[in-house]
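One structure below.
The chain is numbered in sequence order, starting from 1. Fair warning: this is a prediction, and the values are worked out from it, not measured in the lab.
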Amino acid sequence: MKKINNHFPSIMLYSGLCLLLFVSTCVNRLMAQDTTATAKAKIEPVKNTFGDIMLIDNPTVMVPRKNTFEFAIQHRFGIVNNGYKDFYGLFAPANMRLGFYYVPANNLMVGFGLCKERMIWDGDVSYAIMRQSKKGSWPVSITYYGNVAVDSRDKENFVSTADRFSYFNQLMVARKITEKFSAQASVSLSYFNNVEGYYDAEGNISPKMHNEHLAMSFLGRYKLTETLAVIVDYDQPLTQHPMNNPHPNIAFGLDIGTSSHSFQIFAGNFSYITPQVNNMYNQIDYTKGQFLIGFNITRNWNF
């Protein structure tokens with residue numbers, strides 16, 4: 001088995017795109033600040049479109065208020081197909097991620113985390129470009145999320161240091177439709193500096209997959225009470241690869257939340273947790289009854 005190394009300057013490309021997005025939105029914000037204080041007071045953003053910064057396997061448009069610190073535990077058990085042998089995946093090898101987030105400025109959140117699968121460290125950023133307003137001057141919330149991930153396994157897994165890096169960019173659009181129901185649609189682009197290859201019939205090395213992967217996701221939350229909600233998540237791959245096309249993800253569960261805590265428990269078929277790995281490499285097929293149990297726990301502090 002050979003690996004295909006892509007020496008295209010992906011860091012420059014995706015960092016440049018992210019920088020361009022941030023510069024353009026900051027300019028728009030500065031221009032908007034020229035309006036009077038009275039006009040600003042009339043535009044009141046909608047609160048609590050979702051209960052937390054993540055919903056099952058995806059980030060949400062939510063960016064907490066300035067000086068908020070949040071700690072997250074994401075856990076995925078094994079698939080249920082072995083039945084009682086590993087107690088429906090609960091005693092199977094599990095995946096886990098620890099995440100830490102801080103909001104240093106209005107509408108901007110930064111963070112980092114470590115995932116057990118592939119020992120991936122990630123640094124990520126969320127920026128609320130626009131927020132839905134109560135009186136309808138802006139009908140939706142728009143947020144950008146991006147990360148840079150580094151596979152920190154032993155060096156024998158890679159040809160060069162650049163092979164360790166992958167990237168994820170997502171643009172999210174959400175609306176709080178009623179006081180009980182919120183929905184979000186997103187488009188994402190994953191990019192891996194390195195993908196595996198194989199020898200074809202002519203003896204040439206061909207890639208199994210493309211370096212980039214385009215996908216969409218759809219989230220929904222319906223509040224049953226002030227603290228309990230039903231949540232759903234669907235992820236659809238769009239890019240067609242030469243081999244090993246990923247399977248879509250469908251998940252559903254419950255969200256129990258307070259002003260400082262969120263607990264989500266659900267069943268789905270994404271297990272990798274790191275978003276670009278989930279979208280690019282998921283081989284768990286829900287059409288074959290392959291599901292796993294997972295949960296997210298978050299705790300935030302306001303300073």
**Request:** Could you note down all residue pairs passing salt bridge (charged side-chain N to carboxylate O under 4.0 Å, His left out) where residues 221-233 supplies at least one of them, sequence neighbours left out?
**Result:** K223-E226
**Complete:** So the salt bridge (charged side-chain N to carboxylate O under 4.0 Å, His left out) pairs with at least one residue in residues 45-60 (sequence neighbours excluded) are D57-R76
**Message:** Just so I know, are the side chains of V277 and R118 near enough to count as touching, which here means a heavy-atom distance under 4.5 Å?
**Reply:** yes
**Residue pair I53, Y101: steps toward the side chain to side chain contact (heavy atoms under 4.5 Å, CB included) verdict** = CA-CA 10 Å; I53 61 174; Y101 307 90; 3.8 Å; yes
**Asked** Who passes side chain to side chain contact (heavy atoms under 4.5 Å, CB included) against S182, sequence neighbours left out?
**Response** T49, F50, K176
**Partners passing ring pair (Phe, Tyr, Trp, His ring centres under 6.0 Å) against F112 (at least two apart in sequence or in another chain)** = F100
**Message:** Suppose we screen for salt bridge (Lys or Arg N to Asp or Glu O under 4.0 Å). Which residues come up paired with K134, at least two apart in sequence or across chains?
**Reply:** E44
**Complete:** All heavy atoms of G89 vs all of F77, minimum pair found to be O-CB, 3.4 Å
**Request:** Hey, could you give me each pair passing salt bridge (charged side-chain N to carboxylate O under 4.0 Å, His left out) that has a residue in residues 283-294? Not counting sequence neighbours.
**Result:** none
**Prompt:** Hey, does the Lys NZ or Arg CZ of R299 hover above the aromatic six-ring of F263, less than 6.0 Å from the centre and inside 45° of the axis?
**Reply:** no
**Prompt:** Considering all heavy atoms of both residues, which atom of G78 and which atom of A92 are nearest to each other, and what is their separation?
**Reply:** CA-CB, 3.9 Å
**Asked** Between the side chains of Y144 and N169, does any donor sit under 3.5 Å from an acceptor?
**Response** yes
**Message:** For Y222, give me all partners under ring pair (Phe, Tyr, Trp, His ring centres under 6.0 Å), at least two apart in sequence or on another chain.
**Reply:** none
**Prompt:** Between S141 and Q132, is there a donor-acceptor pair closer than 3.5 Å when you use the side chain of the first and the backbone of the second?
**Reply:** yes
**Request:** Evaluate the side chain to side chain contact (heavy atoms under 4.5 Å, CB included) criterion for residues D235 and N58: first the C-alpha distance (whole Å), next the side-chain angles of each, then the deciding distance (0.1 Å), finally the verdict.
**Result:** CA-CA 9 Å; D235 298 89; N58 279 284; 2.8 Å; yes
**Check: A162 main-chain N/O paired with N193 side-chain donor or acceptor under 3.5 Å** = yes
**Message:** Per the ring-ring contact (aromatic ring centres under 6.0 Å, His included) rule, what does the pair list look like for residues 282-303, sequence neighbours excluded?
**Reply:** F69-W301, H75-F295
**Asked** Taking only residues two or more places apart in sequence, or in another chain, which ones meet R153 in a salt bridge (Lys or Arg N to Asp or Glu O under 4.0 Å)?
**Response** D151
**Message:** I want to check something: taking the side chain as every heavy atom from C-beta on, are I231 and L254 in contact at a cut-off of under 4.5 Å?
**Reply:** no
**Request:** Sequence neighbours left out, what passes ring pair (Phe, Tyr, Trp, His ring centres under 6.0 Å) with H241? Give chain and number order.
**Result:** H210, H213
**Message:** Checking N147 against Q276: is there a side-chain donor and acceptor pair closer than 3.5 Å?
**Reply:** yes
**Request:** Search all heavy atoms of I56 against all heavy atoms of A251 and return the closest pair with its distance.
**Result:** CG2-CB, 3.7 Å
**Item:** N107-Y127 side chain donor-acceptor pair, cut-off 3.5 Å
**Value:** no
**Message:** In the structure I gave you, are the side-chain heavy atoms of E117 and M96 within less than 4.5 Å of one another anywhere?
**Reply:** no
**Message:** Testing the 3.5 Å rule here: is there a donor-acceptor pair between the side chains of T68 and N302?
**Reply:** yes
**Prompt:** Can you find a heavy atom in the side chain of H247 that is under 4.5 Å from one in the side chain of Q283?
**Reply:** yes
**Message:** Applying ring pair (Phe, Tyr, Trp, His ring centres under 6.0 Å), can you list everything that pairs with Y281, at least two apart in sequence or on another chain?
**Reply:** F192
**Request:** Sort out for me which residue in D122, N296, I73 forms a side chain to side chain contact (heavy atoms under 4.5 Å, CB included) with R97.
**Result:** D122
**Request:** Go through the structure and list residues passing side chain to side chain contact (heavy atoms under 4.5 Å, CB included) with L114, not counting sequence neighbours.
**Result:** M119, W121
